Every structure is written in C-alpha cells, then in structure tokens.
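Comments concern the structure below.
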Amino acid sequence: MQAQTGKVPTSLWGVGVFGLIWNLIGVGFFIMQVGMGEQALAAMPLEQRAVYEATPAWIYVFYGIATIGGALGALGLLLRRRWAAPVLLIALVALAFQVVSGLLVTPMLETGGVTSLAFPVVLLVIATLLWGFARRMAARGVLR
C-alpha cells in the first residue's frame, strides 16, 4: 500500500458526488416503490404492473440494501473512509441478487423482452465501477 501523499485526487470528489446522487435517486425510487398506493399502481402500464405485482416482498430487501448501501458507500468515498469499498461491494452483491431474482420470479422478460435487461445491466455496471474505484482509492491510501 502506498503512503498517503495528502493530495486527494479530483476524481474522488466527482465519482463520490455522482455515486451519492445516483444512489440517492435509487433510494427515492425504492421508497416510492415500497410505498406505492393503489392509485399509482392502477396508473401503471399493464406490463409494468404485472412485474410489480409478481415481485415478492423479499426482493425488496435486496433492493433496499443495494440502494441504501450504495448511498452509504458513496458517502464513505466522500468522507474518505476505507469502509466505503466493502459497503459498495455489499450493495453490488445485493443488486446482483435483486436483478437475478427479479428475472427468475417475475414476468420481466416476457413483458419487456430483452430490452428490459438494459437498465439492470447499466445499474450493475455503475455499481461495479463504483466498487472498483473505491478499492483503487483504498489501495492508494486515499481512503483512511
């Protein structure tokens, strides 16, 4: 491990702010989806509603861990804490479980086709990049 030079890379602030905003948006969507009322559900397109209604409650545990963990991990980056990397890894694993579970137990592919995989793939790529960045910053001694 390299000794810390005292200079924090500018990329840490940019990636940290992006990660925090991105994951706070995810937390907002998580809260909206968990607390969705009958009117909002009735206003959904039929395909989207079928997926929502077929989603078991236990998948939301993974969803919550992924979004809240991602926000905490990004905050850890901004605070320059070493725990940011393992927290982001937990969030990534939870996201992977959420995506795979959703594919296996909901009609997501049947209703949306292969294009319904695009956003989950983007989510996984971003989560992987955030975790990898945090690992690199920890290895360089930027996170303490």
Side-chain angles (χ1 to χ4, degrees), residues 1 4 7-144:
M1 179 165 65
Q4 186 173 345
K7 185 169 178 168
V8 179
T10 307
S11 60
L12 178 79
W13 307 118
V15 170
V17 167
F18 167 79
L20 184 59
I21 292 169
W22 176 259
N23 281 289
L24 287 175
I25 291 168
V27 170
F29 278 110
F30 168 71
I31 291 168
M32 286 186 332
Q33 196 160 358
V34 168
M36 186 175 301
E38 289 298 319
Q39 286 181 324
L41 186 60
M44 280 183 168
L46 289 177
E47 298 84 11
Q48 192 177 4
R49 184 176 178 171
V51 172
Y52 179 83
E53 289 176 338
T55 303
W58 56 266
I59 287 182
Y60 290 103
V61 173
F62 294 124
Y63 189 4
I65 292 170
T67 58
I68 295 167
L72 289 174
L75 180 62
L77 268 177
L78 291 170
L79 296 173
R80 296 181 46 213
R81 299 291 183 231
R82 291 187 68 80
W83 52 258
V87 169
L88 287 168
L89 176 59
I90 291 167
L92 172 60
V93 170
L95 176 62
F97 276 114
Q98 176 199 354
V99 169
V100 171
S101 300
L103 288 171
L104 293 175
V105 301
T106 70
M108 185 169 79
L109 278 176
E110 292 85 10
T111 60
V114 177
T115 58
S116 64
L117 294 176
F119 192 63
V121 168
V122 168
L123 294 175
L124 288 166
V125 167
I126 290 173
T128 301
L129 292 172
L130 282 172
W131 171 62
F133 181 81
R135 284 188 53 201
R136 281 191 307 285
M137 291 296 106
R140 288 179 48 193
V142 175
L143 305 182
R144 49 186 197 263

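No experiment lies behind these values; they were computed from the predicted model shown. Below, each value reflects all heavy atoms present in this structure, side chains not excepted, and no hydrogens, waters or symmetry copies.
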Contacts of Phe30 that satisfy ring-ring contact (aromatic ring centres under 6.0 Å, His included) - sequence neighbours left out = Tyr63
Around atom CZ of Arg135, are there more than 12 heavy atoms of other residues, nucleotides or ligands at under 6.0 Å?
-> no
Enumerate, atom names and distances included, each donor-acceptor pair closer than 3.5 Å involving a side-chain atom of residues 47-56, sequence neighbours excluded.
unit_1: Arg49; atom_1: NE; unit_2: Glu53; atom_2: OE2; d: 3.0
unit_1: Tyr52; atom_1: OH; unit_2: Gln33; atom_2: O; d: 3.0
unit_1: Thr55; atom_1: OG1; unit_2: Val51; atom_2: O; d: 2.7

Can you check whether Phe62 reaches Leu95 side chain to side chain, under 4.5 Å on heavy atoms?
-> no
Quick one: salt bridge (charged side-chain N to carboxylate O under 4.0 Å, His left out) partners of Glu110, sequence neighbours excluded?
-> none
Any donor-acceptor N/O pair, Arg82 side chain to Ala138 backbone, under 3.5 Å | yes
Trp83 side, atom CH2; Arg144 side, atom CZ - distance, nearest 0.5 Å | 11.5 Å
Correct closest heavy-atom pair for Ala40 and Met36 would be CB-CG, 3.6 Å
Show your working on side chain to side chain contact (heavy atoms under 4.5 Å, CB included) between Phe29 and Thr67 and close with a plain yes or no.
-> CA-CA 9 Å; Phe29 278 110; Thr67 58; over 6 Å; no
How far apart are the C-alpha atoms of Asn23 and Val27, what are their side-chain angles, what is the distance that settles it, and do they pass the side chain to side chain contact (heavy atoms under 4.5 Å, CB included) test?
-> CA-CA 6 Å; Asn23 281 289; Val27 170; 5.5 Å; no
Indicate yes or no: at least one non-hydrogen side-chain atom of Leu92 is less than 4.5 angstrom from one of Leu130.
-> no
Which atoms form the tightest heavy-atom contact between Ala94 and Ala66, and what is the distance?
-> CB-N, 3.8 Å
Sub-3.5 Å donor-acceptor pair from the side chain of Arg80 to the main-chain atoms of Val142, do we have one?
-> yes
Side chain to side chain donor-acceptor pair (under 3.5 Å) contacts touching residues 87-106 (sequence neighbours left out) | none
Should the ring pair Trp22 and Phe18 be called parallel, tilted or perpendicular, given that the plane angle runs from 0 to 90° and is split at 30 and 60?
-> parallel
Leu77 and Phe133, any side-chain heavy atoms less than 4.5 Å apart = yes
Crowded around Leu46 CG? As in, over 12 foreign heavy atoms under 6.0 Å?
-> no
Just jot down the side-chain contact (heavy atoms from CB on, under 4.5 Å) partners of Leu75, sequence neighbours excluded, or say none.
-> Leu20, Leu79
With side chain to side chain contact (heavy atoms under 4.5 Å, CB included) as the test, would you mind laying out the steps for Val93 and Ile65 before giving the verdict?
-> CA-CA 9 Å; Val93 170; Ile65 292 170; over 6 Å; no
List, one per line, each side-chain donor-acceptor pair under 3.5 Å for residues 112-125, sequence neighbours excluded.
unit_1: Thr115; atom_1: OG1; unit_2: Gly112; atom_2: O; d: 3.0
unit_1: Ser116; atom_1: OG; unit_2: Met108; atom_2: O; d: 3.4
unit_1: Ser116; atom_1: OG; unit_2: Gly113; atom_2: O; d: 2.5

Which atoms form the tightest heavy-atom contact between Gly16 and Ala74, and what is the distance?
-> O-CB, 3.9 Å
